Amino acid sequence: MPFSPRRRILVTSALPYANGHIHLGHLVEYIQTDVFVRFQKLRGHECAYVCADDTHGTAIMIRARAEGRSERELIAEMRAAHLADFAGFQVAFDHYGSTDNPANRRLCGEVWQALSSKGLVVTRDVQQLYDATAGTFLADRFVKGTCPRCRAADQYGDTCEQCGATYAPADLVDPVSTLSGARPEVRSAEHLFVTIEALHGFLTEWTRSSGALDPRITNYLAGHFLGEALRDWDVSRPAPYFGFEIPDAPGHYWYVWFDAPIGYLAATAEWCEARGQAFESWWGRGSAGTPAEIHHFIGKDIVYFHTLFWPAMLEAAGLALPTKVRVHGFLTVNGQKMSKSRGTFVLARTWLDHLDPAALRYYYAAKISGGIDDLDLNLDEFMAKVNSDLVGKVVNLASRTARWLESTGLSASYPDDGGLFAQAAADGGEIAAVYEEGDFARAMRAIMLAADRANAYVDAEQPWKLAKQGPEAAGRLRDVASVALNLFRQIAVYLAPVLPGLAEQAGDLVGGPIHSWDESQAPLAGLPVAPFKPLMKRIEREQIDAVIAASQAAVAEKTTPGGSSMDMTPTTADSGEPLAAEPLAATCSIDDFTKIDLRVARIVAAEEVPEAKKLLKLTVSLGGDATRTVFAGIKGFHEPAALVGRLVVVVANLAPRQMKFGLSEGMVVAASGAGATGVYLLSPDAGALPGMRLH
RNA sequence: GGCGGCGUAGCUCAGUUGGUUAGAGCACCGGCUUCAUAAGCCGGGGGUCACUGGUUCAAGUCCAGUCGCCGCUACCA
């Protein structure tokens, strides 16, 4: 047995934001991180998996305000939900903290101090619009107004989409806050910046030769950021802001992306404190003892935070740098982006209500190869693969042989198996190597190969015939079943990082709890065998359908105001999410309202605009000969053919607008937003006629 | 349109630094088996590796272009 030194490995997943529930997309990351951690522990290394809720920022503040409660109440509730979801999927953190904890405040201060003392913090005035009604500064995207150059209406605060002009939000003519509808005023606000350019040389070197990054990531960074001077990073926000106030800059708060990664440090610190360990032994540099490895698992959307800002902060603070930043892609379901309207936006909780979390863990493991490509959850394949691999091959191995050993136990010495156990034991090195690389897909393939060989062995030995031959074949029967059960347990060891539940059940069946990878290297003999209990159930089509249906229902519940009149059950309270996502506009007078002429119209023609991704070209009739051409952003949600003949509501006196594909002479009213991807057209009650005005 | 990614059997994917008749699982077809959660075993059909051109003794693998798809973004008035 080769000597393998005991490594010290700190592992993180990205901090989930306390503004929403965990869904199947999040789980791609947490499950793969958990598999990696369980693998390292099984190998006998000291490994800690730390994570935390990311709790600060404007979005949390606005949402809490809309729900009429404190931010801390909101994040406490979300934390409990997150923890329950993770536990359900057997994602086992060694410590789960919060960026709102004292440890994080302290460490933010320390990192800040280091940046300041190195002269990396500068103060600059930023001209920003302020919404006095909402009592907050407005980010560019929260301001709209008229372009100062071409007078186009309703442009965002940074650039004009009509003429391409760029300007400051304060330059807009008639600016409006999208939060309250109030007219914002220009205020000069002081912001604090980190002059990250001072670390440009370090970052170029680190991204290239530290070994922490995939070459593709290195190239991406070199091409997009490191090829020119790095811009100062704006790390403060003026009050009001839900976060930590900066100690030496009253009225200024650390921007959420400053304190979030420090949450990794804080969670480690809390974990260390609870175990009497030294924080410095993990994040310090050059301390005594085995140096720690630091592995960050992240999605491809937050690469530059983890590969530029974060190492820069660590470098400035004199802390250890990441050993590996492991980047993964996004989840698609049935080949497409998760969709609420298609029912493929599945919350962790919804899955747990209908399906075995272990099945998803296995499926993800079988598809994760350590690359940054997106991962597709094909539900048909999911069902076939889990049933075939886990139920048909692995579990079946125990299911078809354990019963013959209930009374006798395993053979007293391990019988001749033609070298099967030894072969699978030898494969253990390769399987471990690919686990280490994060190529779980390859590991699963190798393990299934062992399961195939084991089943072929059972088939060749035909123990069911031996069972019928009476006492003289009993010894042979016992041997064959002992081999099969040992091969099963060996596979359970290899799968233990992915399927901790199965490993536990395998231990219950024979041999006791599995603690070490080394248990795959030597067969068991002479031990009792417990009565066989079903280890895993087949996945039925109905369960999948139920998950989709429940996911669609969850969306309907959130986006249908007041529920429908056909709903006999007392409605559970509607979620405040849609409203929070788009707060009410400013009060308008009845005169203002009557300026808008809303009419019932009939769609008389609807056609695709092949080059447009979101637009359909509609011809609507207001009755008689009055028709209008309207481009509506509903492509993908409505089939053109199905729209023809249908009554809708249009804004009939809207100024015509020249769009890329033609002139649009009105607007079809539809509901959308709140993070939902659907677009819901409004229909009048039966009897309404085209041309009728809405009063 | 801009940026990024991808195009290998019906489906999901492997194919290591370019090197013998391109692989797996599922699905499908045929046979065997009946211990097992309609599970298992053996065999089979099926691919001009998107297309075109180039580099090379040799390309799925490198380069260029074309087409198609996906994601972010813009066109949601």
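We name chains A, B, ... by the order of the sequence lines, and we start the count at 1 in each one. Model, not experiment: these values are computed from the prediction.
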Seminar exercise, completed: Atom CG of L390(A) and atom C1' of rA39(B) are separated, to the nearest Å, by 13 Å

For this session: Quick one: label K533(A) by what it contacts on the DNA or RNA (base, sugar-phosphate, nothing), any heavy atom closer than 4.0 Å.
Result: nothing

Exercise. Distance between the C1' atoms of rU56(B) and rC72(B), in whole angstroms?
Worked result: 39 Å

Exercise. What's the CG-P distance between N396(A) and rC35(B), to the nearest Å?
Worked result: 13 Å

Problem set entry | rG47(B) versus rC13(B) - spacing of their C1' atoms, nearest Å | 14 Å

Problem set entry | Spacing of the C1' atoms in rA14(B) and rC57(B) (rounded, Å) | 28 Å

Problem set entry | Distance below 4.0 Å between K393(A) side-chain N/O and rA36(B) OP1 or OP2 | no

Seminar exercise, completed: So salt bridge (Lys or Arg N to Asp or Glu O under 4.0 Å) across residues 324-334 of chain A, not counting sequence neighbours, yields none

Exercise. Relative to each other, are the rings of F305(A) and W257(A) parallel, tilted or perpendicular (30° and 60° limits)?
Worked result: parallel

Exercise. Which value, in whole Å, describes the distance between the C1' atoms of nucleotides rG18(B) and rC41(B)?
Worked result: 38 Å

For this session: Check step by step if salt bridge (Lys or Arg N to Asp or Glu O under 4.0 Å) holds for R400(A) and D459(A).
Result: CA-CA 10 Å; R400(A) 66 194 301 201; D459(A) 236 70; 3.3 Å; yes

For this session: State whether a side-chain donor-acceptor pair under 3.5 Å links D389(A) with Y362(A).
Result: yes

Exercise. With distance as the sole criterion, is a donor-acceptor pair present between the side chains of D439(A) and S369(A) under 3.5 Å?
Worked result: no

For this session: Mind checking M536(A) for me? I need base, sugar-phosphate or nothing, with any heavy atom below 4.0 Å counting as a touch.
Result: base

Exercise. Think T401(A) has a side-chain N or O under 4.0 angstrom from the OP1 or OP2 of rC35(B)?
Worked result: no

For this session: With RNA chain B as reference, determine whether N387(A) or A366(A) sits nearer its 5' end, using the nearest nucleotide of each.
Result: A366(A)

Exercise. To the side chain of S369(A), which of rG25(B), rA14(B), rU12(B) is closest?
Worked result: rA14(B)

Problem set entry | Ring geometry between F382(A) and Y363(A) (parallel below 30°, tilted from 30 to 60°, perpendicular above 60°) | perpendicular

Problem set entry | Whole-Å distance separating the CG atom of L331(A) from the C1' atom of rG71(B) | 13 Å

Seminar exercise, completed: Rounded to whole Å, CZ of R453(A) lies from P of rG25(B) at a distance of 13 Å

For this session: Determine the Euclidean distance between corresponding P atoms of rG54(B) and rG60(B); express it in Å to zero decimal places.
Result: 15 Å

Problem set entry | E381(A) CD to rC13(B) C1', straight-line distance once rounded to whole Å | 8 Å

Exercise. Hey, does L449(A) reach any base, or is it just sugar-phosphate, or nothing, if we go heavy atoms under 4.0 Å?
Worked result: nothing

Problem set entry | Rounded interatomic separation in angstrom, taking NZ from K468(A) and P from rU33(B) | 12 Å

For this session: Rounded to whole angstrom, note down the C1' distance from rG23(B) over to rG46(B).
Result: 14 Å

Problem set entry | Distance, rounded to the nearest Å, where F488(A) contributes CZ and rA36(B) contributes C1' | 13 Å

For this session: Select one nucleotide: of rC26(B), rU37(B), rU34(B), the one nearest the side-chain heavy atoms of S388(A).
Result: rC26(B)

For this session: Between rU34(B), rU37(B), rU12(B), spot the one nearest the side chain of N378(A), thanks.
Result: rU12(B)

Problem set entry | Pair D417(A) + R453(A): basic N to acidic O under 4.0 Å | no

Problem set entry | Shortest side-chain distance from A456(A), nucleotide among rC42(B), rG25(B), rC35(B) | rC42(B)

Problem set entry | Pairwise P distance for rU66(B) and rG1(B), with rounding to whole Å | 12 Å

Exercise. Can you find a side chain N or O atom of R445(A) that sits less than 4.0 Å from OP1 or OP2 on rG25(B)?
Worked result: no

Exercise. If the P atom of rG7(B) is compared with that of rC76(B), how far apart are they to the nearest Å?
Worked result: 33 Å

Problem set entry | For RNA chain B, the dot-bracket pattern of Watson-Crick and G-U pairs whose distances stay under 3.5 Å, | for other-strand partners | (((((((..((((.....[...)))).(((((.......))))).....(((((..]....))))))))))))....

Seminar exercise, completed: Ranking A384(A) and V630(A) by the position along RNA chain B of their nearest nucleotide, the one closer to 5' is A384(A)

Exercise. Ignoring hydrogens and geometry, is there a side-chain-to-backbone donor-acceptor pair from E406(A) to A530(A) under 3.5 Å?
Worked result: no

Exercise. Using a cut-off of 4.0 Å on non-hydrogen atoms, how would the nucleic acid contact of N455(A) be classed: base, sugar-phosphate, or nothing?
Worked result: sugar-phosphate

Exercise. Tell me the salt bridge (Lys or Arg N to Asp or Glu O under 4.0 Å) pairs involving residues 465-477 of chain A, sequence neighbours left out?
Worked result: E461(A)-R476(A)

Exercise. Could you state the CD-C1' distance from E437(A) to rU16(B), rounded to the nearest angstrom?
Worked result: 10 Å

